[in-house]
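What follows is a set of notes on a single structure, which appears directly below.
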Amino acid sequence: MPLFGSELSDQSLYGTAFSVGVLVHLSVFRLGEWDGVPGRIAAFFAAVYAISSVASIYALSEDYGGASVVLMNVSALFLTLLLGLFASMLIYRTGFHRLRLFPGPRLARISSIYATRMAMKRLKYFDEVDQLHKLYGDFVRIGPNHLSVAHPAAVQAVHSSSSRCLKGPWYNTQLPAVSLLTSRDPHEHARRRKTWDNGLSFKAIRTYEANIAKCTLQLISNVEASLGRNIDMSHHFTLYTFDVMGTLAFAKDFKMLESKELHPIFKFLHESMLSVVIFGHAMWFLTFLNNIPGLASPMKRLNAWADQQIEDQISDKPDTPNVFSWLLRDYMMLPNPTPQHRMNLQADASLIVVAGSDTTASTLTCLLFELTKHPDVYRKLQNEVDAHLSDSKELQNDSLIGMEYLQACIDESMRMHPIVPGGVQRHTPPQGLRVGDTFIPGDVIIQVPMHTVNYDERSFPQAGQFIPERWTSRPDLVTDDSCFTPFLAGKYSCPGKQLALLEVRQVIYEIARRYDISFFEPKTRLSFPEDIIDGFSLHCPKLELVFSSRSTH
Ligand code: HEM
């Protein structure tokens with residue numbers, strides 16, 4: 001196309017625009033992280049286009065055939081610039097990127113759309129990644145700068161306390177608020193983590209026991225009321241864990257188990273967690289959604305609600321301290337709290353519920369599914385429970401820690417149903433990382449797919465089978481236990497591990513001592529694992545069971 005009439009119809013203008021595009025890619029977009037600001041990038045280019053169009057029309061339209069000719073030419077130049085940018089991106093990512101030697105699908109080398117599509121296709125991200133590992137081996141490039149590493153040594157290399165890997169860009173999703181989970185600055189994270197560790201220590205958990213026991217008893221009474229009839233335990237475990245975490249975060253009894261319905265705020269939280277599950281691997285898309293004013297308003301309502309709960313706890317200190325009391329104490333000691341501090345406190349209050357509810361509910365649901373599916377295992381567990389029974393009317397906690405078979409059942413279920421099955425996102429240190437004999441370059445995003453690792457026959461022979469004995473009398477079925485990290489390890493491991501285990505042990509113990517269980521419909525044996533969905537963390541489908549009083553009791 002002739003540019004600005006015959007005088008300027010110089011190919012060099014196109015060449016320059018193309019080169020500028022290449023330069024913008026090489027000097028700007030090739031470096032740093034851009035996934036978190038798709039809206040701003042689009043707005044920047046739109047502004048450049050608009051300003052150059054208006055300026056060119058103003059300066060050149062009289063001499064070069066009118067406004068529409070100038071606009072057409074500016075548009076052509078702008079498209080050429082974009083072409084240069086994308087061509088450079090394509091050539092760099094396929095031929096020159098530091099991950100170029102790692103195998104993987106061709107489209108994954110070029111764009112993160114590949115991972116997004118994998119996550120959304122069947123909502124079985126972990127399974128899609130697993131298929132890729134079966135095809136390409138332990139190291140798979142699943143995005144332009146993104147590696148999935150299923151080698152057993154990767155768990156320690158990436159997640160041990162000596163690892164220098166940091167959290168990846170996925171954790172920017174909540175910005176500008178920063179919770180402990182989304183805190184990427186290692187110093188800031190370490191400072192905040194101390195308070196969380198105190199609030200979730202054995203000693204602190206003792207002070208929460210009475211509230212947890214109340215919820216456990218209410219759950220058991222719901223089961224009792226359903227005897228002989230169908231009850232969806234996936235729903236009841238969700239109500240249970242939200243009731244528990246509601247008191248630990250907001251010092252209120254939301255009575256969701258009693259009403260059998262999620263409180264609207266928790267319903268919103270639960271559903272927005274589901275959207276993170278679905279869009280978790282399309283972080284740019286989530287960020288984009290968050291910036292659309294209409295869509296962001298429910299989140300604003302949640303924040304306002306959380307802020308009111310904070311105010312309530314400041315003005316009316318709860319009689320029994322909860323997890324949030326520890327975070328609040330830290331906040332109150334700040335000499336000059338800023339709006340950012342307040343926003344972070346809100347994010348942490350919600351995190352107590354978000355991190356502690358669906359995770360524990362899914363763990364309980366999957367475990368009860370496995371126990372129902374394997375009556376022999378359930379009977380053996382009941383034998384252990386019977387041998388443990390005491391006359392005490394109090395619900396048991398500490399003494400359950402020593403129940404070897406109960407713990408083995410929990411471990412085996414968590415191995416088969418890891419809570420973040422596709423793995424969490426980490427960023428390799430600038431000097432790179434060695435996994436086995438393979439060197440992984442610095443500044444790349446790395447994920448260890450927990451589902452694939454936990455089903456790896458190299459570490460867990462007969463990995464596809466639910467065999468709790470592998471954690472007790474059959475050590476030959478665990479050849480590498482360093483791979484088994486259901487709560488992760490290192491500085492970013494789960495601080496709520498002991499609290500979660502207390503809930504799981506207590507609930508399963510109370511169920512096993514009282515009831516026999518069966519599936520409401522036999523097809524659940526097959527459909528339950530099929531219907532589990534994953535994008536980031538595990539979401540269980542309905543688990544419809546029928547309970548009956550144990551014949552021996
Ligand atoms: C069985 C239930 C649970 C499982 C399997 C589990 C697992 C995990 C995992 C894998 C992570 C790492 C996530 C990441 O790095 O992206 C994590 C982090 C976390 N979990 Fe849990 N969790 C459970 C229950 C709980 C509970 C009850 C709490 C209590 C509030 C809790 C609080 C947290 C927090 C605050 C983090 C962020 C830690 C940090 O970044 O330093 N979790 N959990």
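Here the structure is a predicted model, which means the values were calculated and not measured. Both counts, for ligands and for their atoms, begin at 1 and track the order of listing.
Ser179 and Thr182 are linked by a side-chain donor-acceptor pair at a separation below 3.5 angstrom, with hydrogens and angles left out of the test. Residues Glu370 and Ser413 bring no donor and acceptor atom of their side chains to less than 3.5 Å of each other. Under 3.5 Å, the side chains of His235 and Thr238 contain no donor-acceptor pair of N or O atoms. With no hydrogens or angles considered, a side-chain donor-acceptor pair links His388 and Ser399 at under 3.5 Å. No side-chain N or O of His146 forms a donor-acceptor pair with one of Ser112 less than 3.5 Å apart. For the residue pair Arg426/Tyr171, the side-chain donor-acceptor check at 3.5 Å is satisfied. Between Asn198 and Thr195, the side chains place no donor N or O within less than 3.5 Å of an acceptor N or O (distance only, hydrogens not considered). Gln462 and Arg470 form no side-chain donor-acceptor contact under 3.5 Å, judged by distance and modelled atom types alone. Asp243 and Gln218 are not linked by any side-chain donor-acceptor pair at a separation below 3.5 angstrom, with hydrogens and angles left out of the test.
When Pro495, Ser179, Ser362 are ranked by how near their heavy atoms come to atom 38 (C) of ligand 1, first place goes to Pro495. Summarising the contacts of atom 1 (C) of ligand 1 with Leu538, Thr363, Leu501, the nearest heavy atom is found in Thr363. When Gly423, Ala249, Cys494, Gly496 are ranked by how near their heavy atoms come to atom 9 (C) of ligand 1, first place goes to Cys494. Among Gly199, Gly490, Ala355, Ala361, the residue whose heavy atom sits closest to atom 33 (C) of ligand 1 is Ala355. Looking at Trp170, Phe324, Phe487 and measuring to atom 6 (C) of ligand 1, the nearest heavy atom belongs to Phe487.
With ligand atoms numbered from 1 in the order given, ligand 1 contributes 1 (C), 2 (C), 24 (C) to contacts under 4.0 Å with heavy atoms of Ala500. Contact atoms of ligand 1 toward Ile419: 5 (C), 7 (C) (distance under 4.0 Å to a heavy atom of the residue). Atoms of ligand 1 lying under 4.0 Å from at least one heavy atom of Met245, given by number and element, are 29 (C), 30 (C). The atoms of ligand 1 that sit less than 4.0 Å from any heavy atom of Ile352 are 30 (C). Every atom of ligand 1 is numbered from 1 in the order shown, and the set under 4.0 Å from a heavy atom of Met414 is 1 (C), 5 (C). Near His189, with a cut-off below 4.0 Å to any heavy atom, the atoms of ligand 1 are 39 (C), 40 (O), 41 (O). Residue Leu351 approaches ligand 1 through these ligand atoms, each under 4.0 Å from one of its heavy atoms: 35 (C). Within the listing of ligand 1, atoms 39 (C), 40 (O) sit less than 4.0 angstrom from a heavy atom of Lys167.
The ring of Trp305 has its center no closer than 6.0 angstrom to the ring center of Phe268.
At least one heavy atom of Tyr171 sits closer than 4.0 Å to an atom of ligand 1. Assignment of Lys497 to the shell around ligand 1 is not supported, since no heavy atom sits closer than 4.0 Å. The closest approach between a heavy atom of Arg184 and any atom of ligand 1 is not below 4.0 Å.
Classified by interplanar angle (parallel below 30°, tilted 30° to 60°, perpendicular above 60°), the ring pair Trp471/Phe460 is tilted.
Looking at Arg193 next to ligand 1, an N or O pair under 3.5 Å apart turns up. On a distance-only criterion, Arg426 and ligand 1 share at least one N/O pair closer than 3.5 Å.
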